[in-house]
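Here the structure is laid out as structure tokens; the discussion comes afterwards.
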Amino acid sequence: MSDRIYMSSPDVGAVEEEFVMGAMRSGWIAPLGPDVDAFEAEVAARIGVTHAVALSSGTAALHLALLAAGVGEGDVVLTSTMTFAATANAITYTGAEPFFIDCDIASGNLDPVLLRRAVEQLREAGENIGAIVPVDLLGKTVNYTDICAIADEFGIPLIADAAESFGATHRGRPAGSFGLASIISFNGNKIMTTSGGGMLLTNDGAMAARVRYLATQARQPVTHYEHTDIGYNYRLSNILAALGRAQLTRLDEMIARRRAMRDRYREFFAAVPGVEVFGGADDDADNCWLTSVVIDSAVTGWSARDLSDALLEDNIESRPLWKPMHAQPVFADARALTNGSSDRLFASGLTLPSGSALTKEEIERVFSRATEFLGARA
Ligand SMILES: *Cc1c(COP(=O)(O)O)cnc(C)c1O
């Protein structure tokens, strides 16, 4: 069997080794240290916000952002149904109730028209909307212009789940700079990684301070340990921050490699009626984290599953788009406003190997297996 080709594996090498060894040799092994401070400052500068708090995961960042925004029991939080479970889980940790909203079919991103309808309905019924949490799917931002306008109009905090979109922009403005706060993720499969980690980004100094406090066990500033709140152990370690700093020096290069992969898929599937690269034609604003295709099996005569099975025969990983949250057994009782788009995307979409660490040989293997599959189906 050939070696496994993954959709998105970590892309690390000599630069990362140098930074991590540097942190080890500096003696800053205890969780916090100068690399954490520098990493926060560098990411804040890159995204153009005044505060960044490095945390142990994107999920932790979402959890604390929601708590700091005052979300808790008795609140409803509006979020995208087309997302990874971490978004909905973090909402649930606070005691609030997630309410799922469907997407537009072209981008898979939160539909602002449905969002407005949900806000109006809930307000009319006298319910408390604790926050709106839009999700930038696969590295393409939501329509922040419309979604921020709705949040502002109704006075609802907006916490952006930009876990997948570091490096992307909306109308020239960086993902991670919208709303009251945004979060990004440095999990192993994301556009850049700290092995595991995340960050909260905000222009609100009080919010950043509150998150920092909650993330370090909610210790009062006295020498004996005194606590007036329930805290968490959610900070990022100094060693991992060093890895993040190394990755950050290579972020643009890694995005360029993923974009080249997107271009290659575009060119390849342009000749295949019934298959479209997911997310629309504008790749420039996108960080191209993952490339997916949407398959109209009435035209192709084969399904996403057929292509996935064919790739797997050569040990090549591919996966459906996220299974919508409203269709997940664990959220069976949650409310949702749906339009059928996310269900259709789940049934017809397939995410393909997209990582920046893919070698030339691996890329050729993906395309030669896909060519073989199409030849057999023609
Ligand atoms: C990866 C991801 C998260 C969670 O980030 P972790 O760092 O893995 O905890 C949250 N939301 C979305 C949309 C993600 O893709």
Side-chain angles (χ1 to χ4, degrees), residues 6-10 39 43 52-67 77-94 98 100-101 103 107-110 131-142 144 147 158-168 175-176 178-179 181-201 211 215 232-237 240-241 243-244 247 258 278-279 286-292 319-326 328 330-331 342 345-346 349 351 354-355:
Y6 293 97
M7 282 174 8
S8 181
S9 43
F39 187 39
V43 175
V53 184
L55 297 159
S56 54
S57 70
T59 310
L62 265 175
H63 182 194
L64 296 190
L66 289 164
L67 290 180
V77 174
L78 300 171
T79 192
S80 308
T81 192
M82 200 67 186
T83 185
F84 177 53
T87 318
N89 287 342
I91 293 166
T92 308
Y93 300 162
T94 69
F100 300 114
I101 300 185
C103 59
S107 69
N109 274 328
L110 186 64
I132 296 171
V133 183
V135 180
D136 298 335
L137 189 67
L138 308 191
K140 188 177 288 290
T141 70
V142 296
Y144 281 111
I147 291 172
L158 189 139
I159 308 289
D161 182 345
E164 302 174 1
S165 61
F166 188 26
F178 294 89
S182 297
I183 71 94
I184 57 178
S185 165
F186 307 121
N187 194 40
N189 62 345
K190 294 297 198 300
I191 195 113
M192 62 164 259
T193 187
T194 57
S195 153
M199 205 173 270
L200 172 109
L201 302 148
V211 167
Y232 301 85
N233 184 7
Y234 276 177
R235 291 307 307 269
L236 187 71
S237 91
L240 298 185
L243 176 52
Q247 288 264 282
R258 288 184 190 254
F278 173 64
D286 196 318
N287 69 4
C288 297
W289 174 49
L290 294 179
T291 297
S292 307
R319 280 178 202 269
L321 290 168
W322 302 128
K323 178 171 183 173
M325 289 304 113
H326 72 264
Q328 295 285 0
V330 69
F331 294 116
S342 56
L345 288 172
F346 176 58
T351 302
S354 311

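Positions are given from 1 along the sequence. For ligands, and for the atoms within them, numbers begin at 1 and follow the listed sequence.
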Test item: Ser8 side-chain N/O and Gly355 main-chain N/O as donor-acceptor pair under 3.5 Å: no
Results of salt bridge (charged side-chain N to carboxylate O under 4.0 Å, His left out) for Lys190 - residues two or more places apart only: none
Side chain to side chain donor-acceptor pair (under 3.5 Å) contacts in which one or both residues fall within residues 82-91, not counting sequence neighbours: Thr83-Thr87, Thr87-Asp161
Within 6.0 angstrom of Phe346 CZ, more than 12 heavy atoms from elsewhere: yes
With sequence neighbours excluded, residues passing ring pair (Phe, Tyr, Trp, His ring centres under 6.0 Å) with Tyr232: His63, Tyr234
Neighbouring residues of ligand 1, heavy-atom cut-off under 4.0 Å: Ser57, Gly58, Thr59, Thr83, Phe84, Ala86, Thr87, Val135, Asp161, Ala163, Glu164, Ser185, Asn187, Lys190, Gly197
Arg258 side chain to Trp289 backbone, donor-acceptor under 3.5 Å: yes
